[in-house]
Amino acid sequence: MSASSPRVAMLKTVVGALILTLLPLPSWLEIIRPGFLALTVLYWSIAAPRAGGIALGFFCGLLLDAFEGPVLGEH
């Protein structure tokens with residue numbers, strides 16, 4: 001297994017989690033929606049701490065702030 005394969009897999013799952021987070025759902029389903037991006041960051045921080053870690057969490061938070069539009073730094 002090469003050194004870049006965890007990073008490629010991490011990038012694919014982060015993009016997928018970001019899409020699932022931004023996907024509009026009916027109001028009755030919004031209540032049970034998990035934080036897909038937060039769960040993905042937690043998984044990669046445990047599974048590959050050198051590939052993920054603090055930088056992954058920081059950049060995913062910035063992505064959420066950019067796409068959802070709250071105050072910068074909320075996530």
Side-chain angles (χ1 to χ4, degrees):
M1 188 185 265
S2 67
S4 67
S5 65
R7 292 190 180 172
V8 171
M10 180 177 54
L11 181 64
K12 288 179 182 178
T13 56
V14 165
V15 169
L18 184 63
I19 290 170
L20 286 173
T21 300
L22 298 175
L23 192 69
L25 290 177
S27 60
W28 61 274
L29 254 173
E30 279 291 329
I31 304 167
I32 59 171
R33 170 184 267 182
F36 290 109
L37 199 55
L39 290 173
T40 304
V41 168
L42 284 173
Y43 170 77
W44 283 111
S45 295
I46 294 169
R50 292 197 186 265
I54 294 175
L56 177 65
F58 177 76
F59 288 116
C60 286
L62 281 179
L63 281 173
L64 272 179
D65 289 341
F67 284 118
E68 290 185 350
V71 177
L72 191 62
E74 183 177 322
H75 292 101

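Fair warning: this is a prediction, and the values are worked out from it, not measured in the lab.
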(message) With a sphere of 6.0 Å drawn around CG of L29, does it hold more than 12 non-hydrogen atoms of other residues, nucleotides or ligands?
(response) yes

Separation of [Y] [atom2] from [X] [atom1] (nearest 0.5 Å):
X   : Y   : atom1 : atom2 : value
L11 : W44 : CG    : CH2   : 10.5 Å
L56 : Y43 : CG    : OH    : 12.5 Å
F36 : L23 : CZ    : CG    : 8.5 Å

What are the two closest non-hydrogen atoms of [X] and [Y], and how far apart are they?
X   : Y   : value
R50 : R7  : O-NH2, 3.9 Å
C60 : V14 : SG-CG1, 3.7 Å
L20 : R33 : O-NH2, 3.4 Å
T40 : A17 : OG1-CB, 3.2 Å
I46 : P49 : O-CD, 3.8 Å

(request) Check T13, L18, I19 against V15 for a side chain to side chain contact (heavy atoms under 4.5 Å, CB included) and give me the one that passes. (result) I19

(request) Check whether L39 and F67 end up in the same hydrophobic cluster, where Ile, Leu, Val, Met, Phe, Trp and Tyr are linked by side-chain heavy atoms less than 4.5 Å apart. (result) no

(message) Are L42 and L37 connected into the same hydrophobic cluster when the rule is that any two of I, L, V, M, F, W, Y join if their side-chain heavy atoms are below 4.5 Å apart?
(response) no

